[in-house]
Number of protein chains: 2
Amino acid sequence: MKAPGSTTAVAGATGTSPSEGGERKSINPELWYGCAGPLVSLPPVGSLVVYFPQGHSEQVAATMQKDVDVQIPNYPNLPWKMICLLHNVTLHADPETDEVYAQMTLQPVNTNDKEAFLASDLSPKTNRLQTDFFCKTLTASDTSTHGGFSVPRRAAEKIFPPLDFSMQPPAQELQARDLHDNVWTFRHIYRGQPKRHLLTTGWSLFVSGKRLLAGDSVLFIRDEKQQLLLGIRRANRQPTNISSSVLSSDSMQIGILAAAAHAYANHSPFTVFYNPRASPSEFVIPLAKYNKAIYSHQITLGMRFRMMFETEESGT
Amino acid sequence: MKAPGSTTAVAGATGTSPSEGGERKSINPELWYGCAGPLVSLPPVGSLVVYFPQGHSEQVAATMQKDVDVQIPNYPNLPWKMICLLHNVTLHADPETDEVYAQMTLQPVNTNDKEAFLASDLSPKTNRLQTDFFCKTLTASDTSTHGGFSVPRRAAEKIFPPLDFSMQPPAQELQARDLHDNVWTFRHIYRGQPKRHLLTTGWSLFVSGKRLLAGDSVLFIRDEKQQLLLGIRRANRQPTNISSSVLSSDSMQIGILAAAAHAYANHSPFTVFYNPRASPSEFVIPLAKYNKAIYSHQITLGMRFRMMFETEESGT
DNA sequence: TTGTCGGCCCTTGGCCGACAA
DNA sequence: TTGTCGGCCAAGGGCCGACAA
């Protein structure tokens with residue numbers, strides 16, 4: 001029953017100094033959620049969640065394009081699900097690609113006390129991204145060097161500051177910040193026959209700087225301070241395929257399970273990364289959501305259910 | 001007592017289908033070693049090596065810019081060094097950055113039999129990179145869009161096909177293959193006052209394609225088939241800082257140790273990645289080299305010695 | 001011997017409305 | 001309403017020798 005504000009859900013992200021991610025300032029939560037897409041939500045800090053080691057393992061395997069047929073040592077003390085307290089959530093964005101991901105600190109808790117179920121029941125409705133925004137998939141003309149960016153009429157009127165129509169043609173300079181707090185400047189002009197909104201000067205620098213291609217999307221948000229935020233969502237291309245030069249995927253699989261087992265045995269905190277746009281399934285979900293699904297036998301959880309039942313059948 | 005040839009040392013690299021690395025064709029070993037730099041050598045396939053789990057852990061920590069102050073669970077069955085048979089070596093290059101790295105399959109062996117010491121004594125002199133090559137650090141003019149690449153006179157005469165000096169000016173087209181078997185085409189011309197060798201048309205595409213900056217180096221090799229190979233060595237900039245969006249560095253550390261412990265217990269093969277240009281210390285060295293250093297008390301191994309002794313003192 | 005620069009040409013970037021989907 | 005195109009101009013890419021380090 002708190003005042004609305006999407007920032008409360010990720011309070012842990014603000015004010016923390018950079019850990020391993022690399023970005024200096026904190027990530028704007030609205031923009032992060034915008035770039036992550038409408039289906040993504042993170043459990044609130046301080047709440048109870050369910051962590052699935054195997055689901056986590058599957059995300060990493062998918063990221064590395066690796067089959068999960070590896071012979072992995074048994075972790076007899078590692079359950080197929082772990083009830084955890086979500087201590088901290090830090091939002092990140094890859095400085096090279098702007099890919100968004102989240103870092104979560106989890107601590108296993110005792111499941112004996114039924115308090116968990118009760119405490120988790122205050123439905124964590126994260127009413128996020130109430131602010132005005134628009135998202136457009138880039139056309140060939142938008143990404144070509146030949147011209148600028150054609151702004152959909154409704155979008156320009158809703159999001160951008162109003163133009164001074166006494167000018168001929170009406171035009172202004174726009175400033176927008178991306179996830180890394182870099183400022184991009186565009187010339188916004190209303191011209192042509194028929195009249196339309198365009199971004200011209202500055203647009204090509206953005207396209208080449210972010211290495212955008214036709215099919216990718218851009219996202220403009222006007223926040224409560226009337227400032228513009230600017231993000232991107234790349235089309236689903238092939239997985240970037242990097243990151244295999246450090247650790248073998250076998251070691252990564254083992255590392256996930258061993259880290260989880262160690263944390264479970266000691267009730268000590270551990271850290272996971274959640275990559276919303278690369279992951280086929282979530283592996284950290286609110287306990288309330290999980291209980292609701294279990295007790296009502298809903299199938300809405302989809303893949304997670306398949307995974308859970310498979311694990312139930314094959315597990316000891 | 002085999003015929004010379006640097007390819008024998010990495011026979012496992014040729015003909016294997018791509019595993020997780022991503023490159024389709026096999027990496028040219030001469031070019032790989034050239035890009036890795038003169039200090040790097042890999043133990044021959046089939047030989048015995050010493051593997052240091054902690055050294056491996058330190059490389060990954062350094063790659064991720066992470067202090068190694070993490071509380072890591074004990075692996076009581078994991079020794080501080082493991083004698084292993086080197087089953088396979090596969091050379092890789094990052095498709096984005098051309099960063100070279102090697103994938104090694106190791107299998108722990110019994111150290112009881114003193115045969116190990118004997119077998120490892122046939123000094124594995126890998127007489128690599130006997131072929132002609134030159135390496136030049138790029139100047140501001142070389143990387144500027146204003147002009148081309150100034151080829152040092154000796155280098156051009158030694159490596160490039162001879163020009164037809166009856167032409168005015170003498171010029172030819174050069175083709176060179178990079179680590180990914182991409183062909184780059186350059187116009188090689190001998191002109192100016194005083195006369196000098198230059199690469200003009202095609203050069204700027206290479207510079208922008210590889211994202212080269214002044215201070216980086218390029219490497220031209222003429223192989224035994226008189227074909228040109230082309231590689232790069234980037235200046236030591238800040239670590240790329242990527243790769244932390246998949247797995248926490250804690251999990252990586254644990255994964256390394258757990259994977260090694262599992263392999264040690266079962267005498268089963270495991271896989272490691274060795275990144276010669278990012279690593280402060282080697283963690284897989286020939287057994288012969290190790291024995292020689294131990295028994296003669298040489299200090300030439302440098303950091304590895306520090307690490308080994310530290311581990312000896314603190315370990316049980 | 002070779003790094004940088006001014007000169008000069010020409011490709012490409014980039015802003016415009018026309019036109020059609 | 002908006003995606004693509006031809007026209008047109010300007011900025012920068014890129015080849016040249018001059019000159020000096």
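Proteins come first, then strands; the chains are lettered A, B, ... in the order of their sequence lines, and each starts at number 1.
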Closer than 4.0 Å, any side-chain N/O of [X] to the OP1 or OP2 of [N]?
{"X": "B:Arg191", "N": "D:dC16", "value": "yes"}
{"X": "A:Thr145", "N": "C:dG13", "value": "yes"}
{"X": "A:Thr200", "N": "C:dG14", "value": "no"}
{"X": "B:Thr139", "N": "C:dT4", "value": "yes"}
{"X": "A:Ser204", "N": "C:dG13", "value": "no"}
{"X": "A:Thr201", "N": "C:dC15", "value": "yes"}

Would the A:Phe220 and A:Phe160 ring centres measure less than 6.0 Å apart?
->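 Between A:Phe160 and A:Phe220, which both carry aromatic rings, the centre distance is below 6.0 Å.
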Are A:Tyr190 and A:Phe165 near enough that their ring centres are under 6.0 Å apart?
->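 Ring centroids of A:Tyr190 and A:Phe165 are less than 6.0 Å from each other.
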Name the stems with DNA chain D in them: runs of three or more consecutive Watson-Crick or G-U pairs, distances under 3.5 Å?
->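 Only these stems qualify: C:1-21 with D:1-21.
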For residues 149-160 of chain B, which residues have at least one heavy atom under 4.0 Å from DNA chain D?
->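 Those residues: none at all.
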Touch check for A:Leu198, heavy atoms < 4.0 angstrom, all strands: base, sugar-phosphate only, or nothing?
->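 Counting heavy atoms under 4.0 Å across all strands, no contact is made by A:Leu198.
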Scan A:Lys136 against the nucleic acid and name what it touches under 4.0 Å (heavy atoms): base, sugar-phosphate only, or nothing.
->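 The residue A:Lys136 makes sugar-phosphate contact but no base contact.
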Spell out, as yes or no, whether a donor-acceptor pair under 3.5 Å connects the side chain of [X] to the backbone of [Y].
{"X": "A:Lys210", "Y": "A:Asp98", "answer": "no"}
{"X": "B:Arg191", "Y": "B:Gln168", "answer": "no"}
{"X": "A:Arg222", "Y": "A:Gln226", "answer": "no"}
{"X": "B:Trp203", "Y": "B:Asp142", "answer": "yes"}
{"X": "B:Ser144", "Y": "B:Ala140", "answer": "no"}
{"X": "B:Trp184", "Y": "B:Leu174", "answer": "no"}

Base D:dG3 to side chain A:Arg196, donor-acceptor N/O within 3.5 Å cut-off |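 Under the 3.5 Å cut-off, the side chain and the base do form a donor-acceptor pair.
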Between C:dG6 (P) and B:Gln193 (CD): distance, integer Å =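 After rounding, the gap between these two atoms is 21 Å.
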Within a strict 4.5 Å, meaning less than it, do heavy atoms of the A:Glu58 and A:Val60 side chains meet?
->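 When only atoms from C-beta onward are counted, A:Val60 and A:Glu58 do not touch, as no gap falls below 4.5 Å.
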